[in-house]
**Q** 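Mind looking over this structure? Questions follow.
Letters A, B, ... are given to chains in the order of the sequence lines, protein chains preceding strands, and every chain is numbered from 1. Keep in mind that the numbers below use all heavy atoms, side chains included, and drop hydrogens, waters and symmetry copies.
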Number of protein chains: 2
Amino acid sequence: MGIQERKTRHKEDLRKRILEAAKKLFLTAGYDATSIRKIAKEIEFSPTTIYLYYKDKRDIIYALHREGFQVLRQNFQPLMQVESPFERLKALGRCYIRFAFTHPDLYELMFVMKDPMEYLEVNCVETEWEEGERVFDFLLQTVRDCQQVGYFKGLDPNHVAMEAWASVHGMCALYVSGHLKSMMQVVFESDDQEGMIENAFRVLARYLESTK
Amino acid sequence: MGIQERKTRHKEDLRKRILEAAKKLFLTAGYDATSIRKIAKEIEFSPTTIYLYYKDKRDIIYALHREGFQVLRQNFQPLMQVESPFERLKALGRCYIRFAFTHPDLYELMFVMKDPMEYLEVNCVETEWEEGERVFDFLLQTVRDCQQVGYFKGLDPNHVAMEAWASVHGMCALYVSGHLKSMMQVVFESDDQEGMIENAFRVLARYLESTK
DNA sequence: AAAAGTAATGAACAGTGTTAACTTTTTAAA
DNA sequence: TTTAAAAAGTTAACACTGTTCATTACTTTT
């Protein structure tokens with residue numbers, strides 16, 4: 001069945017080329033500026049062809065969403081080696097923030113935009129947000145490990161993990177949306193957003209440290 | 001000049017009616033479903049008439065954005081009376097979260113969407129995000145008041161305030177975007193988002209408390 | 001060679017924000 | 001009161017959007 005195989009490979013290839021084109025447009029011009037027609041022009045196919053490979057536009061951005069989570073998990077990989085649970089937790093936070101700053105559009109797609117989540121709800125097999133689950137599970141396990149060595153005494157690890165995620169996500173979300181920038185210009189008359197986030201994270205780290 | 005005045009009042013009236021129609025559509029159907037044409041149909045005017053009162057669509061949503069901040073400040077008003085700075089700080093956080101849960105669309109408009117911020121950048125008088133400034137200043141002053149009675153020793157109030165805002169914003173943002181819902185269904189097999197946020201906030205409050 | 005199946009497309013639908021040119025209404029001056 | 005100017009509002013159009021349907025071009029199977 002070598003012919004059949006080649007055909008399948010060709011199909012998969014076009015699927016990938018569509019996604020690559022979509023990613024390119026998305027990362028250079030943003031979501032709203034990424035239209036089906038522009039993607040089609042990029043790969044030199046008719047717009048309707050895209051619908052043979054992806055259900056609709058949300059299907060495409062959901063594919064990018066999944067890809068983003070793979071990249072994030074790759075970023076997290078080296079942290080597994082960090083011995084100290086608390087150092088690992090802090091590194092996790094810093095890594096998460098760095099990801100948001102280096103891939104703001106991807107971050108927005110993964111953690112801010114509603115469309116991919118709506119896609120999940122509609123095409124529901126109920127339990128399908130594996131990527132997100134794995135990432136949160138890593139955080140959760142790290143929190144539990146911290147408890148083993150005396151941190152977060154008397155606190156529910158689920159709530160601790162949730163609070164930690166919300167904190168760093170809050171910083172990143174304010175950054176990618178431009179709210180941090182506007183706020184800092186007005187309130188602090190400064191432009192060093194990265195420094196501000198760095199310092200805010202240090203405060204958070206102090207809080208966590210003091211639970212020991 | 002009574003006639004001139006009446007005319008001005010009439011113009012202001014139509015401006016308001018446009019905004020009311022926009023708000024109604026926005027709150028019932030969301031931003032994307034709120035088109036200029038639909039707003040026009042709602043107030044029974046031609047679509048182009050709207051452009052005589054608002055520069056463009058972003059101008060309208062920026063007006064809603066400002067209105068939202070007025071509502072938020074009204075919600076904060078009673079908290080001024082809270083004597084204890086730390087109690088005030090906690091009440092501020094709870095109040096902020098309650099606002100996000102009761103007006104999720106408005107919250108999204110005010111703190112998540114990029115468009116109003118972009119509108120600010122384009123129509124720049126540089127320093128024009130008064131509403132946001134006032135709200136953050138209130139938080140900042142409360143943090144300083146807390147320091148006066150022994151909290152946050154050795155910490156920069158700016159960074160403490162930033163961290164606090166990021167934390168609660170993170171919770172709210174994950175709620176309004178649907179990420180919290182998906183995550184909880186997958187990881188905790190639960191639907192009680194409000195309870196989760198409540199508990200996460202309690203953890204944060206514990207952190208803050210422990211700085212005394 | 002004819003039939004069946006697949007891949008790709010052109011044309012169209014119903015909608016979007018926005019602008020230019022035109023018409024109607026209102027105001028002010030002669 | 002008539003007339004000219006200014007303001008308010010509308011129609012038609014442009015250049016887009018996501019998406020669907022009928023049709024063509026090509027490949028494989030019978």
**Q** For the helix from C:dA1-D:dT30 to C:dA30-D:dT1, how many degrees between its two end axes (five pairs per end), to the nearest 10°?
**A** 30°
**Q** Could you tell me whether the side chains of B:Gln141 and B:Asp137 share a donor-acceptor contact shorter than 3.5 Å?
**A**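 B:Gln141 vs B:Asp137: no donor-acceptor pair found between side chains.
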**Q** What closest approach, in Å, do A:Ala22 and A:Ile39 show between heavy atoms, and which atom pair accounts for it?
**A** CB-CD1, 3.8 Å
**Q** Tell me every residue that passes salt bridge (charged side-chain N to carboxylate O under 4.0 Å, His left out) with A:Arg144, counting only those two or more places apart in sequence or in another chain.
**A**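 Expected list: none.
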**Q** Could you tell me whether a side-chain N or O of B:Thr28 sits under 3.5 Å from a main-chain N or O of B:Leu25, the two making a donor and an acceptor?
**A**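 A pair under 3.5 Å: yes.
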**Q** Mind calculating the distance between CG (B:Leu14) and C1' (D:dG9) to the nearest angstrom?
**A**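 It works out to 10 Å between those atoms.
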**Q** Between B:Leu52 (CG) and D:dA7 (C1'), how many Å, whole number?
**A** 10 Å
**Q** Once you measure the plane-to-plane angle for A:His179 and B:Phe111, does it fall in the parallel (<30°), tilted (30-60°) or perpendicular (>60°) bin?
**A** tilted
**Q** Grab the NZ-P distance between A:Lys55 and D:dG18 for me, whole Å please.
**A**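 Distance, rounded to whole Å: 15 Å.
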**Q** Quick one: side-chain contact (heavy atoms from CB on, under 4.5 Å) partners of A:Lys16, sequence neighbours excluded?
**A**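 A:Lys16 satisfies side-chain contact (heavy atoms from CB on, under 4.5 Å) with no residue once adjacent residues are dropped.
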**Q** Mind running a 4.0 Å heavy-atom check of residues 39-50 of chain A against DNA chain C and sending the residues that fall below it, in number order?
**A**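 Going residue by residue through residues 39-50 of chain A, the ones with a heavy atom under 4.0 Å of DNA chain C turn out to be A:Phe45, A:Ser46, A:Thr48, A:Thr49.
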**Q** Is A:Glu163 paired with B:Arg202 through a side-chain N to carboxylate O contact shorter than 4.0 Å?
**A** no
**Q** Please lay out, stage by stage, how B:Thr142 and B:Phe138 fare under the test side-chain contact (heavy atoms from CB on, under 4.5 Å).
**A** CA-CA 6 Å; B:Thr142 306; B:Phe138 184 31; 3.8 Å; yes
**Q** Round to the nearest Å and state the distance from A:Tyr54 atom OH to D:dG18 atom P.
**A**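 From A:Tyr54 OH to D:dG18 P: 16 Å.
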**Q** What pairs with A:Arg15 under salt bridge (charged side-chain N to carboxylate O under 4.0 Å, His left out), at least two apart in sequence or on another chain?
**A** none
**Q** Mark yes or no: A:Lys57 above the aromatic ring of A:Tyr62, with NZ or CZ under 6.0 Å from the six-membered ring centre and no more than 45 degrees from the axis.
**A** no
**Q** If you measure from the Lys or Arg side-chain nitrogens to the Asp or Glu carboxylate oxygens, is any gap between B:Lys23 and B:Glu67 under 4.0 Å?
**A** yes
**Q** Round to a whole Å and report the spacing from CZ of B:Arg15 to P of D:dA8.
**A** 13 Å
**Q** Got a list of protein N/O to nucleotides 12-17 of chain C N/O distances below 3.5 Å?
**A**
{"from": "C:dA12", "atom 1": "N6", "to": "A:Arg37", "atom 2": "NH2", "distance (Å)": "3.3"}
{"from": "C:dT16", "atom 1": "OP1", "to": "B:Ser35", "atom 2": "OG", "distance (Å)": "2.7"}
{"from": "C:dG17", "atom 1": "OP1", "to": "B:Ile36", "atom 2": "N", "distance (Å)": "3.1"}
{"from": "C:dG17", "atom 1": "OP1", "to": "B:Lys57", "atom 2": "NZ", "distance (Å)": "3.3"}
{"from": "C:dG17", "atom 1": "OP2", "to": "B:Ile36", "atom 2": "N", "distance (Å)": "2.9"}
{"from": "C:dG17", "atom 1": "N7", "to": "B:Arg37", "atom 2": "NH1", "distance (Å)": "2.6"}
{"from": "C:dG17", "atom 1": "O6", "to": "B:Arg37", "atom 2": "NH2", "distance (Å)": "3.0"}

**Q** Check every strand shown and say whether A:Tyr53 touches a base, only sugar-phosphate, or nothing at a heavy-atom separation below 4.0 Å.
**A**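 Sugar-phosphate: the residue A:Tyr53, judged by heavy atoms under 4.0 Å, touches backbone atoms but no base.
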